[in-house]
Amino acid sequence: MTVITRFAPSPTGFLHIGGARTALFNWLYARHHGGKFLLRIEDTDRARSTDAAIDAIFDGLDWLGLVPDEPPVHQYDRRERHAECAMRMLAEGRAYRCWCSQEELEAMRERARAEKRPVRYDGTWRDRDPAEAPPGVDPVIRIKMPRSGETVIDDRVQGRVVVQNDELDDMVLVRADGSPTYMLSVVVDDHDMGVSHVIRGDDHLNNAFRQAQVFAALGWELPAFAHIPLIHGPDGAKLSKRHGALGVAAYREMGFLPEAMRNYLLRLGWGHGDDEIISTEDAVRWFDLDGCGRAAARFDLDKLTALNAHYLRLRDDDELVDLVVPRLEAMGHPVDATGQARLRAGMGGLKQRARRLDDLAEAAVFYVAERPLALDAKAAKLLDDDGRARLADYRAALVGDAPAFTQEALEAHARAVAERLGVGFGKLAQPIRAALTGRGVSPGLFEVMVALGRDEVLARLDDAVAGRA
RNA sequence: GGCCCCGUCGUCUAGCGGUCAGGACGCCGGCCUUUCAAGCCGGAGGUCGCGGGUUCGAAUCCCGUCGGGGCUACCA
């Protein structure tokens with residue numbers, strides 16, 4: 001059997017972390033089995049669906065590299081087909097029209113609550129003669145649920161889950177305005193799209209029972225279900241948009257890399273022994289539903305950040321330059337060809353120390369900032385009278401001895417100068433760092449010098465000695 | 001309220017009848033060292049929610065209990 005999975009978000013907000021993980025699992029499962037990964041936009045709720053949200057979902061998936069194998073299906077476009085299926089159920093006696101008003105339904109619920117009985121539709125119109133229908137009222141179409149027996153879902157993650165059929169009420173399939181509801185649409189679309197495995201959040205576990213009955217009423221085979229646990233916020237509750245949960249775009253802006261995000265999301269609720277760093281290739285090779293946990297997980301920014309730092313160091317220097325330049329420019333530091341070259345030369349040391357793209361950019365500022373440099377507090381302290389005096393000596397030695405401008409030669413020379421001055425190497429190195437970078441912390445000194453180039457180094461030393469910086 | 005799911009260090013997890021309950025993030029200390037990272041080494045941190053069973057032996061099986069979550073719409 002060909003494996004076909006699908007990610008089916010409703011476009012009522014950005015793509016959040018939970019949706020991203022669901023998409024990832026579906027994508028991985030399809031890839032692992034050489035099947036297809038499809039995307040369906042569940043936009044049947046016209047009031048809440050927006051084009052902006054649809055774009056955000058496309059952008060988010062694209063950034064994460066979870067590209068569907070076929071053009072996305074927009075559920076609303078298929079409403080005729082959905083209604084047609086409902087009509088068939090009606091014709092076959094598997095569904096019926098219901099003329100209950102909202103008020104009647106509300107009263108029904110109130111009564112049930114008062115009597116401490118389960119709150120659900122009581123089947124008023126199930127056997128009532130349609131001839132008794134009140135005039136001028138548009139009916140909804142409800143499914144005729146079995147009233148005895150049980151519905152079993154052999155969930156690939158949750159295991160065998162059973163519910164008594166009398167817990168299921170005759171839910172609405174088609175609204176009074178003729179539009180299909182989610183319960184009908186998912187089933188018809190999953191069937192028509194040939195979906196073999198429905199992998200989704202376990203907030204849909206209860207829906208699976210209802211949908212199983214729709215599949216049965218339509219005479220269709222049930223797909224395999226896999227309900228994965230939800231991701232909770234720090235407060236332990238379901239992640240929701242109005243809950244301060246962020247869209248994937250926000251993480252991109254914070255400087256996270258998609259490969260880090262994929263690795264992190266994969267480990268949230270799925271495990272493969274003690275493996276933590278899992279490349280996408282290995283993820284595809286290893287992913288299965290058995291590895292999914294059943295407990296909800298909490299999102300941990302620190303761990304995502306640690307993974308991100310790892311993947312940052314793995315990236316090519318040139319790619320990182322491209323990623324960091326827009327950030328530097330946004331920070332008010334235009335990057336010209338010279339700046340680009342310096343960034344490329346210095347990226348090795350820079351990326352080793354960064355955790356995200358934003359602190360990478362922050363740490364790279366000194367390569368592209370205009371002289372004289374602004375000093376941070378630590379650098380200012382390093383450039384006191386003593387420090388500046390040592391810098392003057394060092395500058396003179398650099399010009400006088402004219403060592404080759406390579407890391408090795410510069411280091412050997414600087415160490416010799418420190419010895420000549422009778423100070424520990426650190427006493428000389430730190431003021432140099434402050435002069436060249438304006439900071440007390442930076443990548444290796446000689447890497448910085450080489451990246452900056454001799455002229456710039458001398459100019460920055462001059463600035464520092466003269467107290468300009 | 002009803003139904004369904006879940007419960008191992010702070011967090012993510014490994015574990016599937018016999019392990020000193022392992023790893024990762026975070027935290028603490030050390031080494032390295034021109035700063036900071038990285039790397040390496042070491043440490044603190046879990047009576048496996050709780051209570052009963054079953055068993056020679058339970059985090060692992062059963063029952064109960066408590067706690068958390070989800071669903072209970074003419075939303076998806």
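Order of the sequence lines sets the chain letters (A, B, ...), proteins ahead of strands, with each chain counted from 1.
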Checklist line | Shortest non-hydrogen separation from A/Ala434 to A/Leu383 and the atoms involved | finding: CB-CG, 3.9 Å
Check: What is the minimum heavy-atom distance between A/Ala361 and A/Arg327, and which atoms define it?
Finding: CB-CB, 3.8 Å
Inter-nucleotide [atom1] distance ([N], [M]), Å rounded:
N: B/G46; M: B/A24; atom1: C1'; answer: 15 Å
N: B/A14; M: B/G70; atom1: C1'; answer: 26 Å
N: B/G49; M: B/A59; atom1: P; answer: 10 Å
N: B/C4; M: B/C20; atom1: C1'; answer: 39 Å
N: B/U34; M: B/C48; atom1: C1'; answer: 48 Å
N: B/A44; M: B/G26; atom1: C1'; answer: 13 Å

Next item on the list: Mind checking side-chain hydrogen bond (donor to acceptor under 3.5 Å, both in side chains) for A/Tyr121 and listing every partner two or more places apart, or none if nothing turns up?
Entry: none
Check: What residues, two or more places apart in sequence or in another chain, satisfy side-chain hydrogen bond (donor to acceptor under 3.5 Å, both in side chains) together with A/Lys303?
Finding: A/Glu276
Note to self: Between the base of B/U13 and the side chain of A/Arg267, is one N or O donor paired with an acceptor at under 3.5 angstrom?
What the structure shows: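 It does not, because no donor-acceptor pair links the side chain of A/Arg267 to the base of B/U13 below 3.5 Å.
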Is it the case that the side chains of [Y] and [X] hold a donor-acceptor pair, with the cut-off being a distance below 3.5 Å and no angle test?
X: A/Gln213; Y: A/Thr151; answer: yes
X: A/His197; Y: A/Thr5; answer: no
X: A/Arg200; Y: A/Thr22; answer: no

Are the side chains of [Y] and [X] in contact, using a 4.5 Å heavy-atom criterion?
X: A/Ile143; Y: A/Arg94; answer: no
X: A/Thr50; Y: A/Thr12; answer: no
X: A/Val73; Y: A/Ile41; answer: no

Check: Are there more than 12 heavy atoms of other residues, nucleotides or ligands under 6.0 Å from atom CG of A/Asp51?
Finding: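 Count not over threshold, so no.
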Margin query: Tell me whether the count of non-hydrogen atoms from other residues, nucleotides or ligands lying under 6.0 Å of CZ in A/Arg117 goes above 12.
Written below: no
Checklist line | Donor-acceptor under 3.5 Å (A/Asp288 side chain, A/Gly291 main chain) | finding: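 Such a contact is found between A/Asp288 side chain and A/Gly291 backbone.
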Margin query: Can a donor-acceptor pair be found, under 3.5 Å and without considering hydrogens, that links the side chain of A/Asn308 to the backbone of A/Gly255?
Written below: yes
Over all strands shown, is [X] touching base, sugar-phosphate only, or nothing at heavy-atom distances under 4.0 angstrom?
X: A/Ser179; answer: nothing
X: A/Arg433; answer: base
X: A/Val186; answer: nothing

Check: Does the ring centre of A/Trp270 sit less than 6.0 Å away from the ring centre of A/Phe25?
Finding: no
Next item on the list: For residues A/Tyr182 and A/His204, establish whether the separation of their ring centroids is below 6.0 Å.
Entry: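 A/Tyr182 vs A/His204: aromatic centres under 6.0 Å.
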Notebook entry, point to check: Taking for each residue the nucleotide of RNA chain B bearing the nearest heavy atom, is the 5' side occupied by A/Phe209 or by A/Ala8?
Noted result: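 Of the two residues, A/Phe209 wins.
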Next item on the list: Please figure out whether A/Tyr182 or A/Gly273 has its closest RNA chain B nucleotide nearer the 5' end.
Entry: A/Gly273
Note to self: Would A/Arg342 and A/Tyr367 count as a cation-pi pair here, with the cationic atom under 6.0 angstrom from the ring centre and within 45° of the axis?
What the structure shows: no
Counting only heavy atoms and a strict 4.0 angstrom limit, can you tell me which residues of [range] come near RNA chain B?
range: residues 387-397 of chain A; result: none
range: residues 412-431 of chain A; result: A/Arg415, A/Phe425, A/Ala429, A/Gln430
range: residues 440-449 of chain A; result: A/Gly440, A/Val441, A/Ser442, A/Pro443, A/Gly444, A/Leu445, A/Phe446
range: residues 352-361 of chain A; result: A/Gln352, A/Arg353, A/Arg355

Checklist line | Residue pairs passing the salt bridge (Lys or Arg N to Asp or Glu O under 4.0 Å) test where at least one lies in residues 351-363 of chain A, sequence neighbours excluded | finding: A/Asp317-A/Lys351, A/Arg356-A/Asp358, A/Glu362-A/Arg439
Next item on the list: Please collect all salt bridge (Lys or Arg N to Asp or Glu O under 4.0 Å) contacts where either partner lies in residues 134-148 of chain A, sequence neighbours excluded, each pair once.
Entry: none
Notebook entry, point to check: Under 30°, 30 to 60°, or over 60°: which ring-plane class applies to A/Tyr251 and A/Phe256, parallel, tilted or perpendicular?
Noted result: tilted
Note to self: Which label fits A/Phe225 and A/Phe215: parallel for a plane angle under 30°, tilted from 30 to 60°, or perpendicular past 60°?
What the structure shows: perpendicular
Next item on the list: Go through B/G22, B/A76, B/C3 for me and flag the one nearest to the A/Val163 side chain.
Entry: B/C3
Notebook entry, point to check: Which nucleotide, B/C5, B/C25, B/U35, lies nearest any side-chain atom of A/Val161?
Noted result: B/C5
Pairing partner of [N] (Watson-Crick or G-U wobble, both distances under 3.5 Å):
N: B/G67; result: B/C6
N: B/A14; result: none
N: B/C20; result: none
N: B/G1; result: B/U72
N: B/C40; result: B/G30
N: B/C61; result: B/G53

Would you give the length of the straight line joining atom [atom1] of [X] to atom [atom2] of [Y], rounded to the nearest 0.5 angstrom?
X: A/Arg285; Y: A/Ser279; atom1: CZ; atom2: OG; result: 6.5 Å
X: A/Glu167; Y: A/Met145; atom1: CD; atom2: CE; result: 12.0 Å
X: A/Asp290; Y: A/His272; atom1: CG; atom2: NE2; result: 11.5 Å
X: A/Leu391; Y: A/Arg460; atom1: CG; atom2: CZ; result: 13.5 Å

Note to self: At under 4.0 Å between heavy atoms, how does the protein contact nucleotides 66-74 of chain B? Give one character per nucleotide, 5' to 3', with B, S or -.
What the structure shows: ---SBSSSB
Note to self: Please encode protein proximity along nucleotides 39-47 of chain B as a string of B, S and -, counting only heavy-atom distances under 4.0 Å.
What the structure shows: S--------
Can you measure [X] atom [atom1] to [N] atom [atom2] for me and round it to whole angstrom units?
X: A/Glu276; N: B/U11; atom1: CD; atom2: P; answer: 16 Å
X: A/Glu115; N: B/G1; atom1: CD; atom2: P; answer: 18 Å
X: A/Ile228; N: B/C6; atom1: CD1; atom2: C1'; answer: 15 Å

Contacts under 3.5 Å, N or O only, protein and nucleotides 28-30 of chain B:
none

Between the protein and nucleotides 59-65 of chain B, which nitrogen or oxygen pairs come in under 3.5 angstrom?
none

Checklist line | Stepwise ring-ring contact (aromatic ring centres under 6.0 Å, His included) test for A/Phe299 and A/Tyr264 | finding: CA-CA 9 Å; A/Phe299 188 77; A/Tyr264 177 69; 5.4 Å; yes
